[in-house]
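What follows is a short report on a single structure.
Predicted model, so just to flag it, every value in this text is computed and none were measured. Heavy atoms only: backbone and side chains are in, while hydrogens, waters and symmetry mates are out. Proteins come first, then strands; the chains are lettered A, B, ... in the order of their sequence lines, and each starts at number 1.
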Amino acid sequence: MKDQLAHHIDAALSELLAAAGDEAAAPDYTLEVPRQAGHGDFSCNAAMLLARRLRRAPRAIAEQLLERLGDAGGLLEHGEVAGPGFINLRCRPESWQGLVPSIVRAGPAYGRCDFGQGRRVQVEFVSANPTGPLSSGHGRQAILGDCIARLFDYCGFDVTREYYFNDGGRQMRVLGESVKARYLEVLGKAATPSEALLKDSAVEWPEQIDGLPVVFPRDGYQGDYIRDIACRLVDERGEALIDEPGDGEFREVAQREIFADINRTLDSIGIHFDVHFNERSLYEDGKLDETIADLRAKGLVYEAEGAVWLASQKLGLDRDRVVIKSSGEPTYLLPDIAYHREKLRRGFDLVVDVQGADHIEQFPFVRHAVGALGYEMDRIELVMHQFVTISEKNERVKQSTRLATFVTVDELVSDVGTDVFRFFMIERKPEGHLDFDLDLAKDRNWRKNPAFYVQYAHARTYGIERKAKAADVAMPGHDGFDPGRLVLSTEIELVKKLGEFPEMVRRATEIREPHHVAYYLRDLAGLWNPYLQDGQQHRVLSEDEGLSAARLGLVLAVRHVLRSGLDLLGIAAPERM
RNA sequence: GCGCCGGUAGCUCAGCUGGAUAGAGCAUCAGGCUUCGAACCUGAGGGUCGGGGGUUCGAAUCCCUCCCGGCGUGCCA
């Protein structure tokens, strides 16, 4: 609807400019739904943008534009100049009503577009190293990344969901050492420092506790899951691993088991990856050596203080950074550069990294280094998100990764279920903090929950269908009703909202902000539930067969859009609740 | 110190490339179930859009500055 209208306005504008002898391009005007219902269905600001250029009063320009626009090929009922020079347009009811059968006909395809044109996009997200269960922050990223991927898919991109994990670094060694420490402790061969001792970084650790050597790594992982893994190792292998290094079998077993848990968690919230990319493969394929060599050939690395540095200042960044430590080991930056080059080599037209706020500092370095290697760095994009805080009884719950006092995805999901979890996590714009209200989440009274509100709106469309079936009334096909019977203002409002869906989806995709979908669904449900509730004024099912059919058509249109929106968020669209 | 992100109703937050009288949910208060699902609906109160300056027909939105909060600023990942 809006697109058609814009088309007519474009034509009128170029006519007007030509008549005025102005050959420059038409201004980038807006055509938007005004807040005030009295301002019509759409409001256009083109005349005000032209005022200075044409050296004429905006209202006069608006009048002329309106004259040239006419009825816009039959779409318009009325147009007027208002305020400082707005052009307010009201569409004929038929223009809106006609949307209903077209939505019913399109069904699940309504709102889809080919904006992506089959371009290949990779969305990398979660990418948590397997050192412990997924935290609430990972959970947010998981939902955000997944919903962005769903939007891309919906808009005609060829999407790959990718999980990158680092199994070569110090983190994983510390993990292995932590498991070994617990293992020895369980066997009575070593002591683990008390929790209080571990927390107090100011205190010197004893070398022995009760005559047993202390082997727990100072920054080791302290969660119960570490002890669980150690206990299983004791059960299965007894004392056979006492002389194994922490970095060997302990690390491998821990990694395998924790990764299995992570995947189980992701599966429980409906998230699946197409590719798991392993950092170690970059070492094995010689990609790190190649990257260093190529950077060196470009004069972008140098040696100093026993380390190898990336000359990122030459790329316009504020400082240089180490890529290979004096120990000979790469920092995380080098594999990241190699990895991102591989992404582009693999043929992705667009690469979207979803990362937490604590992780973005190095992004410009990766991007510019890849650019310097001859790849289009504009194809690499970052979606940053802030952290999740958990509130309980009006207080923030303190979280620490090292002490394993963070709230896990598993805990949240078991409290609120997948659908509510997903809705809460996607409801906020990514760059803002997200406060997860645990009291509300744990509250048995989930009636006030927006996720249920939207699902309920969807379920009600089936409630009516069941009612119709009981009354032996069939649901109409797209050409089985006269949309002209939908004349109530509430019905027209609903149709207008349905008409916004495609543009909303496209915009959310373009700016990588899925939360707009959640807000749209709340708005639509906020029109639909009252419409159904007001059964004393009007009913969908009545003696008037034609009217019933038209309203059932509206039921179907609303259902399709609610369903598509819920699908975009990965939330179930139940037929009854 | 510097960089990034936030500051909008009591609370949690929307607000599209600058648009007309700033919105939603929760909370509070007052109402509504013999009728398509009350997991709902109707109504009310509640705001100096952190402060100050600037840009222009027009600013929550853009620019400058200050204040507050989060994160970062490692040869940690």
Tell me which pairs pass salt bridge (Lys or Arg N to Asp or Glu O under 4.0 Å) where either residue lies in [range], with sequence neighbours left out.
{"range": "residues 462-471 of chain A", "value": "Glu465(A)-Arg559(A)"}
{"range": "residues 505-531 of chain A", "value": "Glu381(A)-Arg512(A), Glu427(A)-Arg522(A), Lys497(A)-Asp523(A), Arg506(A)-Glu510(A)"}
{"range": "residues 526-544 of chain A", "value": "Arg485(A)-Asp544(A)"}

Practice task
Just jot down the side chain to side chain donor-acceptor pair (under 3.5 Å) partners of His458(A), sequence neighbours excluded, or say none.
Solution key: none

Problem - Close residues, residues 357-370 of chain A, relative to RNA chain B [heavy-atom separation under 4.0 Å] - result: Ala357(A), Asp358(A), His359(A), Ile360(A), Glu361(A)

Exercise for the section: Could you label the plane-to-plane angle of the Phe501(A) and Tyr154(A) rings as parallel, tilted or perpendicular, counting under 30° as parallel and over 60° as perpendicular? Expected result: perpendicular

Handout entry: Under-4.0 Å side-chain N/O to phosphate OP1/OP2 contact, Lys429(A) with A14(B)
Key = yes

Problem - Under 4.0 angstrom between Lys325(A) side-chain N/O and G74(B) OP1 or OP2 - result: no

Problem - Pairing partner (Watson-Crick or G-U wobble, both distances under 3.5 angstrom) of G69(B) - result: C5(B)

Problem - Paired nucleotide for G46(B) [Watson-Crick or G-U wobble; both distances under 3.5 Å] - result: none

Problem - Selection from C71(B), A77(B), G37(B) that lies nearest to any side-chain heavy atom of Arg466(A) - result: G37(B)

For nucleotides 16-25 of chain B, list the nitrogen or oxygen atoms of the protein found under 3.5 Å from its nitrogen or oxygen atoms, one pair per line.
{"unit_1": "C16(B)", "atom_1": "O3'", "unit_2": "Arg507(A)", "atom_2": "NH1", "d": "3.3"}
{"unit_1": "C16(B)", "atom_1": "O3'", "unit_2": "Arg507(A)", "atom_2": "NH2", "d": "2.6"}
{"unit_1": "C16(B)", "atom_1": "O2'", "unit_2": "Arg507(A)", "atom_2": "NE", "d": "2.5"}
{"unit_1": "C16(B)", "atom_1": "O2'", "unit_2": "Arg507(A)", "atom_2": "NH1", "d": "2.6"}
{"unit_1": "C16(B)", "atom_1": "O2'", "unit_2": "Arg507(A)", "atom_2": "NH2", "d": "2.9"}
{"unit_1": "C16(B)", "atom_1": "N4", "unit_2": "Glu32(A)", "atom_2": "OE1", "d": "3.4"}
{"unit_1": "G19(B)", "atom_1": "N7", "unit_2": "Asn45(A)", "atom_2": "ND2", "d": "3.3"}
{"unit_1": "A20(B)", "atom_1": "OP1", "unit_2": "Arg35(A)", "atom_2": "NH2", "d": "3.0"}
{"unit_1": "A20(B)", "atom_1": "OP2", "unit_2": "Arg35(A)", "atom_2": "NH2", "d": "2.5"}
{"unit_1": "A20(B)", "atom_1": "N6", "unit_2": "Ser43(A)", "atom_2": "OG", "d": "2.5"}
{"unit_1": "A20(B)", "atom_1": "N6", "unit_2": "Asn88(A)", "atom_2": "OD1", "d": "2.5"}
{"unit_1": "A20(B)", "atom_1": "N1", "unit_2": "Asn88(A)", "atom_2": "ND2", "d": "3.1"}
{"unit_1": "U21(B)", "atom_1": "O2'", "unit_2": "Gln36(A)", "atom_2": "NE2", "d": "3.4"}
{"unit_1": "A24(B)", "atom_1": "O2'", "unit_2": "Arg522(A)", "atom_2": "NH2", "d": "3.3"}
{"unit_1": "G25(B)", "atom_1": "O4'", "unit_2": "Arg522(A)", "atom_2": "NH2", "d": "2.8"}

Heavy atoms under 4.0 Å, any strand shown: does [X] hit a base, just sugar-phosphate, or nothing?
{"X": "Ala459(A)", "value": "base"}
{"X": "Gln386(A)", "value": "base"}
{"X": "His538(A)", "value": "base"}
{"X": "Glu305(A)", "value": "base"}

Practice task
Could you tell me whether the side chains of Glu279(A) and Tyr339(A) share a donor-acceptor contact shorter than 3.5 Å?
Solution key: no

Completion exercise
ring pair (Phe, Tyr, Trp, His ring centres under 6.0 Å) pairs touching residues 25-50 of chain A, sequence neighbours excluded, are Phe42(A)-Trp96(A)

Side-chain donor-acceptor pairs of residues 56-63 of chain A under 3.5 Å, sequence neighbours excluded:
{"unit_1": "Arg56(A)", "atom_1": "NH2", "unit_2": "Gln64(A)", "atom_2": "OE1", "d": "2.9"}
{"unit_1": "Arg59(A)", "atom_1": "NH1", "unit_2": "Gly83(A)", "atom_2": "O", "d": "2.7"}

Which atom pairs, donor and acceptor, lie under 3.5 Å between side-chain atoms of residues 355-366 of chain A and protein residues at least two apart or in another chain?
{"unit_1": "Glu361(A)", "atom_1": "OE1", "unit_2": "Arg319(A)", "atom_2": "NH2", "d": "3.4"}
{"unit_1": "Glu361(A)", "atom_1": "OE1", "unit_2": "Arg321(A)", "atom_2": "NH1", "d": "2.5"}
{"unit_1": "Glu361(A)", "atom_1": "OE2", "unit_2": "Arg319(A)", "atom_2": "NH2", "d": "3.1"}
{"unit_1": "Gln362(A)", "atom_1": "NE2", "unit_2": "Asp336(A)", "atom_2": "OD2", "d": "3.1"}

Problem - Counterpart residues, ring pair (Phe, Tyr, Trp, His ring centres under 6.0 Å), relative to Phe125(A) (two or more places apart) - result: Phe273(A)

Handout entry: salt bridge (Lys or Arg N to Asp or Glu O under 4.0 Å) partners for Asp318(A), two or more places apart
Key = none

Could you list all N or O pairs between the protein and nucleotides 41-51 of chain B that sit under 3.5 Å apart?
{"unit_1": "C41(B)", "atom_1": "OP1", "unit_2": "Tyr453(A)", "atom_2": "OH", "d": "2.4"}

